[in-house]
> 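Take a look at this one; I'll ask things after.
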2 protein chains.
Amino acid sequence: MSTDAGPGAGARLGAELSDAVVLFHDAIGSLMGLSATDHKALGILRREGPMSATRLAARTGLTPGAVTGLVDRLEAAGLARRERDGDDRRRLTIVATDPASPDVAAAFARLQRAMAGVTAQFSAGELAVVARWVEATTTVLREQVHEIAHRRAPEARTGA
Amino acid sequence: MSTDAGPGAGARLGAELSDAVVLFHDAIGSLMGLSATDHKALGILRREGPMSATRLAARTGLTPGAVTGLVDRLEAAGLARRERDGDDRRRLTIVATDPASPDVAAAFARLQRAMAGVTAQFSAGELAVVARWVEATTTVLREQVHEIAHRRAPEARTGA
DNA sequence: CTGAATAGTTCAGCCAGCTAAAATGTATCT
DNA sequence: AGATACATTTTAGCTGGCTGAACTATTCAG
């Protein structure tokens, strides 16, 4: 099932995966002892690289005060660290680091091994097709997130 | 970038997509006015079909009291409804329904249209490859979620 | 050097959503 | 019928994480 090529097949393909991805993120998050906000912020830091607290506040939509607590928690969990900027010593740079907990590292290792098993079932040419689909889908999702955010608050474009 | 075929390529492909999926879910969730728990529960209901409150409690890991509140919120948002069981009138069946809000429906319509655009870029044979990859990846993720949950609480298998 | 602006932290208060336990309504067993 | 078990709801109380506002440290403009 779910391999038909009718209209909406693309959406259905994505939906299948989508739930599994979200549940996996959730499982990893609770394994790390992170709230949803923490996990999302960590994702932003990983994806966009080190940034100041102010920028992180803008990207997450949180107030400065909340960001302080957030970074405290990430730091305590060994998932990020604060670095004072040499140029402007008011400014922080918040850097995501690798998972400290052995449980988390083991979970990622298992995932990586399992995904290698999946990859092994495909030829190089097939993997290229998959990569193309993944990239196109990723782009679509990002655009849609953007779209949703801007329809909700067209004037409050915070940093993206 | 990210289209190389070295070791870990599968994991990297997945990671690209994973963030985008999570952010999209998040955007949809806040568009619906749902908490993370609500959204997760709704996903379970959609995926596994109607179920009793007790079973939903087991699947979400919540206490019965919390489930009452959760279903109240879903019902208020027009995303699920309670049905009294005719056989055993103590028992409820909780049924997920379609998104009530026009905003949400529009967002899904936009996504579907955009994904149709992606699908159009692939031949039927290529889509079959993608479908195979999606299914294999979905299976892997579900297994890993299971794995994580059971390593954390090997004795407390609640209903899965 | 002074005053204004900026980056981040601290503090007090608030709210959502959780748990635990008691209450309610229904089914089952004897 | 009476006692017991079960499914869900209600209630009380707690906690985490948020906001808004005051505060500290640093930079910049004049």
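Heavy atoms only: backbone and side chains are in, while hydrogens, waters and symmetry mates are out. Keep in mind the model is a prediction, meaning the values are calculated, not measured. Here is the naming used below: chain letters follow the sequence lines, and residue numbers restart at 1 for every chain.
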> Determine whether B:V130 and A:V129 make a side-chain contact, defined as any pair of heavy atoms from C-beta on separated by less than 4.5 Å.
yes
> Sequence neighbours excluded, which residues qualify as side-chain contact (heavy atoms from CB on, under 4.5 Å) partners of B:D38?
B:L34, B:S35, B:L70, B:R73, B:L74
> Could you tabulate the donor-acceptor pairs under 3.5 Å formed by side-chain atoms of residues 92-103 of chain B, not counting sequence neighbours?
unit_1	atom_1	unit_2	atom_2	d
B:T97	OG1	B:G78	O	3.0
B:T97	OG1	B:L79	O	3.2
B:T97	OG1	B:A80	N	3.4
B:S101	OG	B:D103	N	3.1
B:S101	OG	B:V104	N	3.1

> For a quick check, with a 4.0 angstrom heavy-atom cut-off, what is the B/S/- contact string for nucleotides 22-27 of chain D, read 5' to 3'?
---BBS
> If we ignore hydrogens and angles and just use 3.5 Å, is the side chain of B:E126 paired with the main-chain N or O of B:S123 as donor and acceptor?
yes
> Do A:R110 and A:R113 have side-chain heavy atoms sitting under 4.5 Å apart?
yes
> Identify the pairs formed between an N or O of the protein and an N or O of nucleotides 9-12 of chain D at a distance under 3.5 Å, and give each distance.
unit_1	atom_1	unit_2	atom_2	d
D:dT9	OP1	B:R82	NE	2.9
D:dT9	OP1	B:R82	NH2	3.4
D:dT9	OP2	B:T68	OG1	3.0

> For residues 46-98 of chain A, pull every pair meeting ring pair (Phe, Tyr, Trp, His ring centres under 6.0 Å), keeping only residues two or more places apart or in separate chains.
none
> Give the first and the last nucleotide of DNA chain C, reading 5' to 3', that has any atom under 4.0 Å from a heavy atom of chain B.
C:dG17 to C:dA27
> Please give me the minimum heavy-atom distance between B:A107 and A:Q144, naming the atom from each residue.
O-OE1, 4.3 Å
> Verify side-chain contact (heavy atoms from CB on, under 4.5 Å) between B:L141 and A:L23, making sure each step is shown before the conclusion.
CA-CA 8 Å; B:L141 287 174; A:L23 287 181; over 6 Å; no
> Would you compute the distance between atom CZ of A:R132 and atom CZ of B:F122 and round it to the nearest 0.5 angstrom?
4.0 Å
> With rounding to the nearest 0.5 Å, note down the distance linking CG in B:L127 to CH2 in A:W133.
9.5 Å
> Is there a donor-acceptor pair closer than 3.5 Å between any side-chain N or O of A:R89 and the backbone N or O of A:R84?
no
> Rounded to whole angstroms, how far apart are NZ on A:K40 and C1' on D:dG17?
14 Å
> Using whole Å, what does the distance between atom P of nucleotide D:dT8 and atom CZ of B:R55 come to?
12 Å
> Distances for protein N/O vs nucleotides 14-16 of chain D N/O pairs under 3.5 angstrom?
none

> Apply side-chain contact (heavy atoms from CB on, under 4.5 Å) to A:E48 and list each qualifying residue two or more places apart in sequence or on a separate chain.
A:I44, A:M51, A:R55, A:R59
> Run the salt bridge (Lys or Arg N to Asp or Glu O under 4.0 Å) test against A:D72 and tell me which residues pass, sequence neighbours left out.
A:R82
> Students often get this wrong, so: under 4.0 angstrom with heavy atoms, is A:T63 touching a base, only sugar-phosphate, or nothing?
base
> Can you tell me how far P of D:dA7 sits from CG of B:L56, to the nearest Å?
14 Å
> Using the ring pair (Phe, Tyr, Trp, His ring centres under 6.0 Å) rule, collect all pairs that involve residues 39-80 of chain B, keeping only residues at least two apart or in two chains.
B:H25-B:H39
> According to ring pair (Phe, Tyr, Trp, His ring centres under 6.0 Å), does anything in residues 83-107 of chain B pair up with another residue at least two apart or in another chain? List the pairs.
none
> Side-chain N or O of A:T37 versus OP1/OP2 of D:dC18: is the shortest distance under 4.0 Å?
yes
> Grab the stems for DNA chain D, please: at least three consecutive Watson-Crick or wobble pairs, both distances below 3.5 Å, written as range with range.
C:1-30 with D:1-30
